[in-house]
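FYI, side chains are in, hydrogens and waters are out, and symmetry mates aren't considered; it's all heavy atoms of this structure.
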Amino acid sequence: MDDKHKQLPDLFDKSFRDIVKAFDSFFDESIKHVHDFFQQTTIPVEVFETDRDVTVEAYLPNVSREQVRIDRSGNQLRIRVDERQLREVKNEEAHYYNRSHSLSQRERVVTLPFAVAETASSASFKGGVLTIVFPKHNSTIKVIDVDDQ
């Protein structure tokens, strides 16, 4: 029986193990991307108001200015972040090469609480904080006092 066992090819030789490692790596990377997809968070935003302005602050750590796009339609403000990632792994000993490219987008739509001027606005990006300032437009909102009864 030992002679027959020696004649069979060893299924777990180095090349087979390399193939198994490549499959494991493929599935591990796929699962990471699925996990990242479901773990995406919204962009944290705070809105401040003064007598003259409405200020929107979005917190975007580890993001560059080139990744940010701001659109406005009426009283809706959309902040979008495009994230690209290129990953390359080489192992010449194991004859292994893996290259992956991913693109993801996060966005947040904010409804501005007051009418703002159509043309005048400013935006700045510093230290991972995007600050957008809109001058208020003539607002028709009136404060109504509530009586105690």
Side-chain angles (χ1 to χ4, degrees), residues 10-149:
D10 185 9
L11 294 178
F12 295 101
D13 64 355
K14 185 178 181 326
S15 61
F16 184 74
R17 278 186 244 137
D18 291 342
I19 292 170
V20 171
K21 283 181 185 179
F23 275 110
D24 283 347
S25 173
F26 171 77
F27 288 110
D28 285 345
E29 288 300 314
S30 298
I31 294 299
K32 284 179 189 174
H33 292 295
V34 169
H35 178 71
D36 292 344
F37 176 78
F38 286 108
Q39 294 299 319
Q40 285 183 357
T41 59
T42 61
I43 299 170
V45 171
E46 290 190 52
V47 180
F48 304 98
E49 170 203 355
T50 65
D51 291 340
R52 290 191 229 161
D53 301 322
V54 174
T55 302
V56 177
E57 286 186 353
Y59 301 99
L60 304 168
N62 304 318
V63 172
S64 68
R65 185 186 67 75
E66 293 78 21
Q67 294 174 278
V68 178
R69 179 177 170 157
I70 306 167
D71 298 314
R72 193 183 103 200
S73 178
N75 68 338
Q76 297 282 311
L77 176 71
R78 182 177 73 162
I79 302 167
R80 185 174 81 188
V81 177
D82 295 327
E83 296 175 296
R84 294 181 181 185
Q85 217 174 35
L86 177 63
R87 185 170 172 261
E88 189 173 50
V89 178
K90 287 183 184 180
N91 186 338
E92 292 185 18
E93 290 178 18
H95 304 291
Y96 176 76
Y97 177 77
N98 182 359
R99 183 177 181 186
S100 62
H101 185 91
S102 64
L103 172 66
S104 63
Q105 292 180 342
R106 293 185 294 156
E107 74 175 31
R108 175 81 183 258
V109 177
V110 178
T111 301
L112 301 173
F114 294 98
V116 294
E118 285 294 321
T119 56
S121 62
S122 65
S124 64
F125 188 68
K126 185 175 182 182
V129 178
L130 174 67
T131 304
I132 308 162
V133 179
F134 297 100
K136 280 186 181 177
H137 192 59
N138 295 335
S139 176
T140 59
I141 297 175
K142 305 282 187 224
V143 176
I144 300 172
D145 290 330
V146 178
D147 293 331
D148 289 333
Q149 291 192 6

Exercise. Heavy-atom distance under 4.5 Å between the side chains of T55 and T50, does that happen here?
Worked result: no
Exercise. Quick check: does any side chain N or O of R72 sit under 3.5 Å from a backbone N or O of G74, one acting as donor and the other as acceptor?
Worked result: yes
Exercise. Does some side-chain heavy atom of I79 sit less than 4.5 Å from a side-chain heavy atom of I132?
Worked result: yes
Problem set entry | Salt-bridge criterion met for D82 and R84 (N-O under 4.0 Å) | no
Problem set entry | Flag side-chain contact, heavy atom, 4.5 Å: L130 against I70 | yes
Exercise. Are side-chain heavy atoms of V63 and R106 found at a separation under 4.5 Å?
Worked result: yes
Seminar exercise, completed: Rounded to the nearest 0.5 angstrom, the CG-CD distance for N62 and E83 is 9.0 Å
Problem set entry | Heavy-atom pair of closest approach, residues P135 and D53 | CA-OD1, 3.6 Å
For this session: Check S121 against F134 and note the closest heavy-atom contact, atom names and distance.
Result: CB-CD2, 3.5 Å
Exercise. In Å, rounded to the nearest 0.5 Å, how long is the span from CD of E92 to OH of Y97?
Worked result: 11.5 Å
Problem set entry | Rounded distance [0.5 Å steps], OG in S124 versus CZ in R65 | 11.5 Å
Problem set entry | Atom pair CG/CD of D71 and Q76 - distance to nearest 0.5 Å | 12.0 Å
